[in-house]
Structures are given as C-alpha cells and as structure tokens.
Amino acid sequence: MAAVRVEEVLAAAEEQEAERRRSVTVEKELELEFDLGNLLALDRNPPPAAGLRGAGPRREAQLRALARDNTQLLVARLWELPAERAGGAGGPLVARLPEPAFRLPREKPPPRPRPPTRWEQFARLKGIRRRKRTSLVWDEQAKEWRRRWGYRRAGGDPARAWLAEVPAGADPEEDQFARLRREKRERVARNELNRLRNLARAHRAGAAVPAAPLHPTGHQSREELGRVARVARVSTASLGRFQPRLPKEPAEPPSRSGGRKRRFEPLLGNLAAERSRQLELLRDMGSKKPVLDITRAVNKQLRQEEAEAAAAKGKKQSQRGKRGRRQQRAGRSSKKSGVRRQQQQQRPAGGGTGRRKKA
C-alpha cells in the first residue's frame, strides 16, 4: 500500500472546504439589483469575454456557473424575508414576498371590456342598481329565519294561517279560508295538467318518456319488472353492454329507443347487387327527366288545396261579417229616420216647436 503524504491530505481537505464555502458564498464586484416581488435579479457585472467566445462546452460551463451564482444570491435574499409556517407548526416554511418593483410586460394584449347590454345601458340611464335578494327572511310567526321560497318558507301556507285578510271588493260573508284552499287545489291541478301536457308533447316529439315507477306495495307484475329492468340496463354509458346478465335474459342488450338496430351491408359480398345499385344511381343522375316522388307530390298538392280552402273560407267569413255590420248600421239609421218622421207627424200644424211661450 502506497504511503499517503500529509500535504496531499491537507490540500484535499482545503479544496473541499473551499468548494463547500463556494456553494453558499458568492462575491461580485457590483451588487445585484433585486426585485423579490417578481423573483428577479439583475446582474450589472460584465461577463468574462474570454470564456464566452465561440460555442463549446467551456462557454456552456461558464454560463451555468454565472446562472448558479446569481440564483444563490437571490435565494440568500429570500431567506432574509420574514417567514412563517403554513398550515400550523408542522407545515412548510413560507416567506412573504414584497410588492413587485418592476412592471413586467404582458405576453398578450389585455382583454377588451365586454360591451354593456341593452338592459345595462337602460339601468345606467335610469339609475337602477341591481340588489341581490337574500334567500333567508325573518318569519314573524315562527320567530326565526326561514327560506323565502320552497319547503318551510317564511309565512308558511296561507290556507293554514289562523287569520285571513278579506280582499277589497270581496263578499264579506265568503269563507276566505275555503277560498284559499280552493285556489291552492286549482294551482296544483293546473301544474299537474301542465306536467301531463309536457309529457305528451315529449312523447309526440319522439323523446324518451321516463318509465312508470314500481308499485309502492311491492306487488309488481312481470311486465313492470321487465320494463324497469330494461330502463335500468340501458341507463349506463355502454347501453348495458357490460352489465351482468340476469337469468333467462336475452344475450343482445336492448336499444335505448326500443327499435331495431341499424344494419349495414357488408363491405365484401354480393358484387352484382352493388353494381346494380350504382348503375341505377348513375342512370337517375344522368337522365334529363327528374324522378318524381308520387307520395310527396300528392301530399304537397293536398296541403296546398287545404290552405287555399281555409283562406277562402276565412275571406268569406270576413266579408259576411262586414255585410252584417253594414246591415246593422243601415237598420239603426232607418230606425232613427222613422222615429224622426213619426215625431214630425205628431207635431201641431202651426209649425211651432210644441213648446208653450211664457206670458
């Protein structure tokens, strides 16, 4: 084993100490300018020109060393800022950055302000200010804060109140509580009618109508169970393709619409049929005589005739109404002339007005 000299060991130790001290200590001729709000450090010192000439590993190492020294100075200044623990005593140590000193340019132009709507222009012209209504109001009867609308709202059901106000112009003998209950029943019936109309409109439009719920007592028929099972199966994103099968259930999952699946012709198969279809299509495209859809043409002609008949009927009704109003006016005028003629005949022969003169 070769002997190790003491001078070599001391030199290595001094080099390690200098390298460790160099990792946290950086000396610059000109002090850097810091903007800790933007985490920015400006180095005014000129870089060594000899080390940055050309392109090679020496230049890359010089740039890395310069960036590392400047970053070390920036981090040292960050450690001088007041710090605190985030999220309690066991949280990470964070520092509060000061306000930025430099205004950095934007990458993109600032967004344009949204033009005001017609209502906003009208509100600004009239001085209308938008006030947001709170969802809770004070209920004097219950002595607590309740919701403005919905279940257990403030004021409760007017039909169940102990006092009912008689409206102006109403019959004082009428039972106001019975009137409030009747109006509530009418509102409930109107809402139910609107709901049924919406369901019927959706059914006519071809939309999917929700299935009827199961019987509340648990006595379901086979048809009800099958219908609910089909609806539950096709409610998934895969239309029930990956759902586990029930006993005696068909292998093919039902479609959402309940109809047959679309079937496409195979790409490779009967070439004669494909050739005949293409030839027929080319023959129709090349013929000068247009292809006439008899059913569509007949339906269009029928709709046009019905529209003309309806227009003519409305015109006749309007003319009949004008004639009737004209006859009524003529009858009233003739009746008035007859009354005048009868009054003139009843007047005295002296030609006076029939009034007595005062003496």
Side-chain angles (χ1 to χ4, degrees), residues 115 117-119 122 183 185-214 221-241 250 252-333:
T117 60
R118 295 183 61 183
W119 164 249
F122 176 77
E183 291 178 355
R185 287 196 299 269
E186 291 176 357
R187 288 195 301 270
V188 172
R190 192 182 306 111
N191 293 337
E192 181 65 18
L193 179 61
N194 293 334
R195 187 183 70 85
L196 296 177
R197 285 179 177 175
N198 294 336
L199 290 178
R201 189 181 301 109
H203 182 71
R204 288 196 300 269
V209 180
L214 291 177
S221 63
R222 185 173 181 180
E223 290 76 10
E224 292 178 347
L225 290 174
R227 182 174 63 255
V228 175
R230 287 193 300 271
V231 171
R233 174 172 295 280
V234 299
S235 298
T236 59
S238 61
L239 297 180
R241 187 175 300 276
E252 184 178 358
S255 62
R256 190 184 297 271
S257 60
R260 294 183 302 176
K261 292 184 62 178
R262 296 176 58 188
R263 299 188 179 276
F264 302 94
E265 296 293 336
L267 298 179
L268 298 177
N270 191 359
L271 299 179
E274 180 68 19
R275 188 186 303 108
S276 62
R277 285 196 300 269
Q278 297 295 335
L279 291 176
E280 185 178 357
L281 179 60
L282 292 175
R283 190 182 307 107
D284 294 339
M285 293 173 60
S287 62
K288 297 182 179 180
K289 185 178 180 180
V291 180
L292 179 62
D293 190 351
I294 303 298
T295 305
R296 186 175 180 181
V298 170
N299 292 337
K300 184 176 180 180
Q301 181 66 22
L302 290 176
R303 287 194 300 269
Q304 185 175 0
E305 292 177 357
E306 291 177 358
E308 292 178 356
K313 184 178 180 181
K315 188 176 181 180
K316 289 181 180 179
Q317 290 181 355
S318 62
Q319 292 178 356
R320 189 181 304 136
K322 292 180 180 178
R323 191 184 307 112
R325 287 193 294 269
R326 194 180 303 112
Q327 291 176 0
Q328 290 177 2
R329 286 197 297 268
R332 286 196 296 267
S333 61

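Every heavy atom of this structure was used, including side-chain atoms; hydrogens, water molecules and symmetry mates were not.
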**Under-4.0 Å salt bridge between Glu280 and Arg283** = no
**Prompt:** Could you state the interatomic distance from CD (Gln301) to CD (Glu306), rounded to the nearest 0.5 Å?
**Reply:** 11.0 Å
**Asked** Could you give the distance from CG (Leu279) to CD (Glu274), rounded to the nearest 0.5 Å?
**Response** 10.0 Å
**Complete:** Rounding to 0.5 Å, atoms CZ (Arg185) and CZ (Arg190) come to a distance of 13.0 Å
**Asked** Side chains of Leu199 and Arg195: does their closest heavy-atom pair fall under 4.5 Å?
**Response** yes
